[in-house]
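No hydrogens, no waters, no symmetry mates; every other heavy atom, side chains included, goes into these values.
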Amino acid sequence: MENGERTESGIRDEILQEDSNNQHNRVQDDLPRRVWIESKKLWHIVGPSIFSRIASYSMNVVTQVFAGHLGDLELASISIANTVIIGFTFGLLLGMASASETLCGQAYGAKQHRMLGIYLQRSWVVLTLCAILLLPIYIFAAPILKFLGQPDDLANLTGRVTIWMIPLHFAFVFQFSLQRFLQSQLKTLIIAWVCLAALVVHIFLSWLFIYKLGFGVIGAAATMNFSWWITVLGLFYYVALGGCPETWTGFSIEAFSGLWDFFKLSAASGVMIWQVPFSNVESWYYRILVLMTGSLNNATIAVSALSVCMVINGLEMMIPLAFLAATGVRVSNELGAGNGKAAKFASTVSVITSLIIGVCFSTLIMIFHEKLAMFFTSSHAILQAIDKLAYLLAITILLNSIQPVLSGVAIGAGWQAWVAYVSLGCYYIVGLPLGAVLRWVFHLGVQGIWSGMIGGTALQTLILIIISIRCDWDVQAEKANSRMKMMAAASSSEPEQQNSSSQTGPPCN
C-alpha cells in the first residue's frame, strides 16, 4: 500500500512537472508576450530611476543655461567648476556613502531597524570629516587650474565660483547618506518628489538671483547651494517627523562608536565605486577632456562648446544609467533564482530597449543640430562650435545607449572588478592617447580629443558585447547560487564583516 501511494504520488508529481514544462514552453514560444512581461518588470525599476536622476541632474543644467546667457567666460567657469572640482568631490563622497547603503540594507533585512539610524549618523560623521579634508580643493581651485594649463581669467573666475559652492560640497554629505538610508527601506518615491520640488525652486531662484537681482555667476553658485540644501532638509524632515518611525529614533551618542571600522568600510566603498564601469571611469575622462580643451586657442569658446555638449549628453545619459541600475537588478535576481536563460533574456530586452531610445535621441540631435544649444547660450561663436560637434555628440549618445546597459549586465552578474580593468584600458590606454594624437599630431582640435573618447567607448562596448555573447549563463546561475549559500552561511556575522567580500573573476569560460 505504501509503495502504491508513493507510485501514485510520483505519477502526480510527474504530471504537475509536465504541465509546468508545457506552460513554460508556451510562454517561451510566445516571444511578444515574453518581451512584454520582461519590459513591464524592467520599466517598473527604470521609470522612477529616470525621474529622480533627471530631476537632480537638471539643477546643474538649469544653472549652466542661466550662466550661458551671462557671457562666454561665465559659462566656461560654471562648466569647469561643476565638471572638474565638484565632480571630483561628488564622486568620492558618493562612493563613501555607499557603505551606509550596504549596512542599512543588511540591518533592515535582519530587522535591526534601530541600527539604520545609527549607521546614518555614523555616515554623517565620517563623510563630514572627509569633506573637511577636501576643502583645499575648493579654496585653492584657481592656482590648481592654472597649474593644469587653464587661462588666468578663466581659472580666477572658476576659483571664485568654487569658493561660493563650499556649502554645496557639505550638502553632498547629508543628501547621499539620507538617500541610501531611505532606499534601503524601499522609500524611493519620497526621494523623487523632493528632488522635483527642489528643481522647481531652483528654476525660480536662478531667474531671481541671476537676472532680477543681478548677482551674475556668483548668484548661480549661491542658487545651487540653496537648492541642494532644500533637498537635504526635505529628506531629513521626512525622516525626523515620522516618515521612518522604526528606523529613526533620534540622535544618539552611539553614532560616535565604531567610527574607525565605519571609516575603513567607507574608504573601501569609495575605492570600489571607481571600479563600476561608466560611473566614474568615463566621467573622469570627460573631466580630463574639458581640461585638455582649455589648452586650445580660444579656450573659452572651446570649453563652453564642449561643456554644453557634455551637459546635453549627461542629461540624456540619465536614461541609460537608469537602465544600468534596472538591468543589474533584473540579471542579479534571475541569476540568484538559478534562471540563467531568463537573465540572458532580461539583458537582451534591456539592451535593445535602450538602443531604440538612443537611436531616437541621436536622430533628433542630427536633425536639430543648428538649434541644439540655444537654451544654453546666445553667443554665435559658441553656437557655431557646438554645431560642429553635433555629429560627435550623436555618435556618443548612440554608443552610450548600449555600453552602460552592458555594464549593468556585468554588475548583475558580479563582473565589476574584471570589467573595470577593461574600462581603464579602453579609456586611458586607448582613448586618451588617441585623442591627444588626433589633437596635436593631426591638429583636429576639440573634435580630435572627443574622437579619442568615442574610440575608447566603442572598444569597450565591443568587448562587453563579446563577453555577454560568450557567457555561459547557466554557469553564471550556478555561481550565483553558490554565492547565495555562502552569504546564508555567513549571515550570523556582523554587517561590516559581510560587506568585506566581493566576487570577481573572468565572466566567460
Side-chain angles (χ1 to χ4, degrees), residues 42 46 274-289 309-310 312-328 330-331 343-363 365-366 389-435 438 447-471 473 476 506-508:
L42 187 68
V46 170
W274 289 79
Q275 296 181 332
V276 178
F278 198 81
S279 190
N280 277 287
V281 174
E282 185 172 344
S283 66
W284 263 109
Y285 189 100
Y286 281 131
R287 291 162 200 159
I288 294 174
L289 193 64
C309 288
M310 292 298 100
I312 296 173
N313 181 48
L315 184 60
E316 192 279 336
M317 199 180 298
M318 296 301 104
I319 298 175
L321 285 180
F323 274 92
L324 182 153
T327 305
R330 289 292 303 125
V331 170
K344 180 181 179 180
F345 186 74
S347 62
T348 302
V349 171
S350 185
V351 169
I352 293 176
T353 305
S354 182
L355 177 60
I356 292 173
I357 295 174
V359 169
C360 293
F361 275 99
S362 297
T363 303
I365 286 174
M366 295 305 297
L389 296 173
Y391 69 96
L392 291 175
L393 177 61
I395 296 173
T396 301
I397 286 178
L398 184 62
L399 288 173
N400 287 343
S401 66
I402 306 173
Q403 185 257 8
V405 187
L406 293 173
S407 297
V409 175
I411 292 171
W415 308 336
Q416 293 97 317
W418 194 89
V419 177
Y421 295 121
V422 174
S423 301
L424 289 170
C426 290
Y427 287 114
Y428 296 112
I429 297 178
V430 177
L432 196 60
L434 178 61
L438 293 174
Q447 289 96 332
I449 299 173
W450 196 349
S451 296
M453 184 209 65
I454 290 177
T457 304
L459 179 59
Q460 186 192 20
T461 302
L462 178 61
I463 293 173
L464 290 176
I465 290 174
I466 293 173
I467 291 173
S468 300
I469 291 175
R470 293 186 58 193
C471 175
W473 288 97
Q476 294 301 314
C508 300

Notebook entry, point to check: For the side chain of Ser354 and the backbone of Ser350, is there at least one donor-acceptor N/O pair under 3.5 Å apart?
Noted result: no

Margin query: Is it the case that the side chain of Asn400 and the backbone of Thr396 share a donor-acceptor pair, with hydrogens and angles ignored and the cut-off at 3.5 Å?
Written below: yes

Can you tell me how far [atom2] of [Y] sits from [atom1] of [X], rounded to the nearest 0.5 angstrom?
| X | Y | atom1 | atom2 | result |
| --- | --- | --- | --- | --- |
| Cys360 | Leu398 | SG | CG | 11.0 Å |
| Phe361 | Leu315 | CZ | CG | 8.0 Å |
| Ile454 | Ile395 | CD1 | CD1 | 5.0 Å |
| Leu355 | Ser362 | CG | OG | 9.0 Å |
| Thr457 | Leu462 | OG1 | CG | 12.5 Å |
| Asn313 | Leu389 | CG | CG | 12.0 Å |

Next item on the list: Among Leu459, Ile466, Thr461, find the residue that satisfies the side chain to side chain contact (heavy atoms under 4.5 Å, CB included) test when tested with Ile463.
Entry: Leu459

Taking all heavy atoms of [X] and all of [Y], pick out the closest pair and write down the distance.
| X | Y | answer |
| --- | --- | --- |
| Pro320 | Ser401 | CB-CA, 4.3 Å |
| Leu392 | Ser451 | CD2-OG, 3.8 Å |
| Met366 | Ala390 | SD-O, 4.2 Å |
| Gly358 | Ile397 | O-CG2, 4.1 Å |
| Pro433 | Ile429 | CG-O, 3.3 Å |

Item checked: Test log, rule side-chain contact (heavy atoms from CB on, under 4.5 Å), inputs Trp450 and Leu393 -> CA-CA 9 Å; Trp450 196 349; Leu393 177 61; 3.7 Å; yes

Next item on the list: Please report the C-alpha distance between Ser347 and Trp473 in whole Å, then the side-chain angles of each, then the deciding distance to 0.1 Å, and finally whether the side-chain hydrogen bond (donor to acceptor under 3.5 Å, both in side chains) criterion is met.
Entry: CA-CA 11 Å; Ser347 62; Trp473 288 97; 5.4 Å; no

